[in-house]
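A short write-up of the structure that comes next.
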Amino acid sequence: MGAIITTLAHVIWFTVAGAIGGMWSAIIGDILILLVLTLMLWFRPGLITASLLGLVQIGSLAYTIYLIMQVPVGDPIHRALTSHIVLRTIAIVALVMGYISYRRQGVQAPMELMPLPE
């Protein structure tokens, strides 16, 4: 649940930044990918969807770290990239903690999400 909430907060952050900065072409891909993967995780929780979201977050985190190294500290872009790093890190930690909790408790998906027997 923490990864879903954090990722949706990140989508809101992207949307506000796009509206204020008028940079939709640079961020629409991030918004769509994060939104689709978050909805998939909400409606079909499981290792595959969590892994996909985790891979996207880790890849984006690596790219954001690369970008932040190109910008002087204190610059508005540096502050924005720092917030992206924080949000992505929180989402990754939440995914890992959710997986650990899932494995410890042996939790299964709710009945309405489980496939019907044939």
Side-chain angles (χ1 to χ4, degrees):
M1 189 57 80
I4 292 171
I5 292 168
T6 304
T7 304
L8 288 178
H10 202 177
V11 168
I12 292 168
W13 166 255
F14 270 126
T15 304
V16 169
I20 291 173
M23 54 185 151
W24 291 109
S25 62
I27 61 172
I28 194 69
D30 285 313
I31 291 172
L32 291 176
I33 289 170
L34 290 176
L35 194 56
V36 166
L37 289 173
T38 303
L39 290 174
M40 285 173 57
L41 187 58
W42 177 266
F43 289 110
R44 276 303 226 185
L47 184 58
I48 293 174
T49 52
S51 297
L52 286 173
L53 181 58
L55 286 173
V56 167
Q57 292 285 26
I58 289 170
S60 296
L61 178 62
Y63 182 66
T64 305
I65 289 171
Y66 167 77
L67 290 176
I68 203 169
M69 292 172 26
Q70 312 299 319
V71 180
V73 175
D75 188 273
I77 294 173
H78 188 275
R79 291 192 300 263
L81 291 172
T82 301
S83 66
H84 287 295
I85 290 171
V86 168
L87 287 168
R88 291 192 192 283
T89 302
I90 292 170
I92 292 166
V93 169
L95 284 166
V96 170
M97 297 305 294
Y99 177 74
I100 290 169
S101 174
Y102 172 83
R103 295 295 293 177
R104 282 190 183 154
Q105 297 174 8
V107 175
Q108 290 187 350
M111 290 303 293
E112 65 267 13
L113 297 178
M114 296 182 79
L116 297 174
E118 294 181 18

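From a predicted model like this one, the values you see are computed outputs, not experimental measurements. Side-chain atoms are counted along with the backbone in the values below, which use heavy atoms only and exclude waters and symmetry mates.
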Let me check something: do [X] and [Y] share a hydrophobic cluster, defined by ILVMFWY side-chain heavy atoms less than 4.5 Å apart, either directly or through other members?
X: L95; Y: I5; answer: yes
X: I90; Y: I85; answer: no
X: M40; Y: I92; answer: no
X: L34; Y: L87; answer: no
X: L8; Y: L37; answer: yes

Working to the nearest 0.5 Å, report the span between [atom1] of [X] and [atom2] of [Y].
X: I4; Y: L39; atom1: CD1; atom2: CG; answer: 9.0 Å
X: H78; Y: M69; atom1: NE2; atom2: CE; answer: 10.5 Å
X: I27; Y: W13; atom1: CD1; atom2: CH2; answer: 10.5 Å

Exercise for review: Only counting residues at least two apart or in another chain, list the ones meeting side chain to side chain contact (heavy atoms under 4.5 Å, CB included) with L67.
Suggested key: Y63, L81

Review point. Side chain to side chain contact (heavy atoms under 4.5 Å, CB included) with I12: which residues, sequence neighbours excluded?
Key: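 With neighbours one apart ignored, the set is V16.
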
**Study point:** Verdict with supporting geometry, T6 and H10, side-chain contact (heavy atoms from CB on, under 4.5 Å)
**Key:** CA-CA 6 Å; T6 304; H10 202 177; 5.8 Å; no

In residues 46-62, what donor-acceptor pairs under 3.5 Å come from side-chain atoms, sequence neighbours left out?
{"residue": "T49", "atom": "OG1", "partner": "R44", "partner atom": "O", "Å": "3.0"}
{"residue": "T49", "atom": "OG1", "partner": "G46", "partner atom": "N", "Å": "3.4"}
{"residue": "T49", "atom": "OG1", "partner": "G46", "partner atom": "O", "Å": "3.2"}
{"residue": "S51", "atom": "OG", "partner": "L47", "partner atom": "O", "Å": "2.6"}
{"residue": "Q57", "atom": "OE1", "partner": "R88", "partner atom": "NH1", "Å": "2.8"}
{"residue": "Q57", "atom": "NE2", "partner": "T7", "partner atom": "OG1", "Å": "3.4"}
{"residue": "S60", "atom": "OG", "partner": "V56", "partner atom": "O", "Å": "2.9"}

Practice item. Mark yes when over 12 heavy atoms from residues, nucleotides or ligands other than I65 sit less than 6.0 Å from its CD1; otherwise mark no. Key: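 Counting neighbours around CD1 of I65, more than 12 heavy atoms of other residues, nucleotides or ligands fall under 6.0 Å, so yes.
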
Check your understanding: So, S101 side chain and M97 main chain: donor-acceptor pair closer than 3.5 Å or not?
Key -> no

Closest non-hydrogen atom pair between [X] and [Y], with its separation:
X: W24; Y: T15; answer: CH2-O, 3.4 Å
X: A94; Y: G2; answer: CB-C, 3.7 Å
X: A91; Y: A3; answer: O-CB, 3.8 Å

Practice item. Check whether any side-chain heavy atom of W42 lies under 4.5 Å from a side-chain heavy atom of M1, and answer yes or no. Key: yes

